[in-house]
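Throughout, a chain's letter reflects where its sequence line sits, starting with A, and its residues are numbered from 1.
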Number of protein chains: 2
Amino acid sequence: MKLTEKKINTELKRHNYKLTNQRRAVVVSIVTCQSQFTPALIYEKLHREHPDIGLVTVYRTLGILMDLGLVCELHASGDCPAYTVGTSQHHHHLICNRCGRVVDFTGHRLAELEKRLAKESGFRIDSHVLEFTGLCLPCQKIKC
Amino acid sequence: MKLTEKKINTELKRHNYKLTNQRRAVVVSIVTCQSQFTPALIYEKLHREHPDIGLVTVYRTLGILMDLGLVCELHASGDCPAYTVGTSQHHHHLICNRCGRVVDFTGHRLAELEKRLAKESGFRIDSHVLEFTGLCLPCQKIKC
DNA sequence: GTCTAAATGAAAATAATTATCAATTACAAA
DNA sequence: TTTGTAATTGATAATTATTTTCATTTAGAC
């Protein structure tokens, strides 16, 4: 389940970040994104209703949200780095190459593979990235 | 098995790219990289012996090698995008967070997962990124 | 050797991100 | 409710990464 505006604001407060109007606006802007986004996209979207919010503030807010794990970075998509709203549990992404839609998935156990790799390579593994890309159903129907 | 200088040069020729001294030098520079690299790093390394080769040429050569699938892009590492020399078969990466070493691995079948995801989401999946990060054996022994 | 399209380097242009700093503001405490 | 203060902001400049332009050079086919 994608994080909601309320949940994100609560987390910000919990970590002693002030809830400024600008931050609220950035949060609204990202949670209403259907798919992935970039700092520039959020800025552009915001600019219509809040022409006084600067791109720098978008970068700063996004940085905080990343630190708190409330947004995820995407790698396999067209314009890397791109971002997407986080969820409460560990998950991976399925990304549409055409429209940018991001679908979360869970339930795949990489633990087994991780154990094998650690054993064979001697690595102490602490993280991973797993993303699939392709075309979502609606986009498959669009003729080139 | 990592691609060799010879293999890369052959591929360049095969695709009608001219084998200039600059390209040869860039190729030598990347195949002798123990770990991952960035355009700037390759340029710096080259600059000692070939002060006349420009950074632009490094970018251009790297671009060609990417197009031909002879180098791979890394995502999970510190400075994304970073690159590593390719291999002849489909594989994934295990990356050391400290020294940047890249170990290839193969043999994990994501096909099953891919099929399940495609079915559940309706996506037509055509690619994926899978990378693990951690500390390699030598780096684990270095005390902070 | 000659020819020609491809490749190069220098410089400028563009894009993305971060740092600086004075002015403003959220919000805790009085 | 007012006040004090540290956090936040926007404007601007600085930095970094990458791409474009274009005149000159060069690999390699003939």
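- In this structure, B:Ile64 atom CD1 and D:dT19 atom P are separated by 13 Å, rounded to whole Å.
- A donor atom on one side chain and an acceptor atom on the other are found under 3.5 Å apart for B:Gln36 and B:Ser77.
- If you measure from atom OH of A:Tyr43 to atom C1' of D:dA11, you get 11 Å, rounded to the nearest angstrom.
- To the nearest angstrom, C1' of D:dA11 lies 14 Å from NE2 of A:His47.
- Distance, B:Asn21 CG to C:dT8 C1': 12 Å, rounded to whole Å.
- Mapped onto DNA chain D by nearest heavy atom, A:Leu55 and B:Arg24 fall at different nucleotides, with A:Leu55 at the one closer to the 5' end.
- The listed nucleotides are D:dG28, C:dT18, D:dA27; the one nearest the side chain of B:Lys13 is D:dG28.
- Phosphate proximity of C:dA28 to A:Lys18: absent, as no side-chain N or O sits under 4.0 Å from OP1 or OP2.
- The nearest whole Å value for the distance from the CD1 atom in A:Ile53 to the C1' atom in C:dT24 is 14 Å.
- Taking the six-membered ring where tryptophan is involved, the planes of A:Tyr43 and A:His47 are tilted, since the angle between them lies from 30° to 60°.
- For the pair A:Leu62 CG and D:dT8 P, the computed distance is 16 Å after rounding to whole Å.
- Among C:dG9, D:dT9, D:dA17, the nucleotide with an atom closest to any side-chain atom of B:Gln22 is C:dG9.
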inquiry  = With salt bridge (charged side-chain N to carboxylate O under 4.0 Å, His left out) as the criterion, how do B:Arg14 and B:Glu11 come out once you've worked through the C-alpha distance, each side chain's angles and the decisive distance to 0.1 Å?
reply    = CA-CA 5 Å; B:Arg14 198 164 75 80; B:Glu11 282 300 292; 3.1 Å; yes
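- Note: B:His92 and B:Phe105 have tilted aromatic rings, judged against thresholds of 30 and 60 degrees for the angle between ring planes.
- Rounded to whole Å, the distance from NE2 on A:His50 to P on D:dT9 is 13 Å.
- Checking A:Ala40 against A:Arg60, the closest nucleotide of DNA chain C that is more toward the 5' end is the one next to A:Ala40.
- Nearest nucleotide to the B:Val56 side chain, out of D:dT18, C:dA11, C:dA6: C:dA11.
- A donor-acceptor contact closer than 3.5 angstrom links the side chains of A:Lys45 and A:Thr32.
- Residue B:Thr20 has a polar side-chain atom (N or O) positioned under 4.0 Å from OP1 or OP2 of C:dT8.
- If you take CD of B:Glu44 and P of D:dA17, they are 11 Å apart, rounded to a whole angstrom.
- The A:Arg23 side chain lies nearest to D:dT9 when the options are D:dT9, D:dT19, D:dA29.
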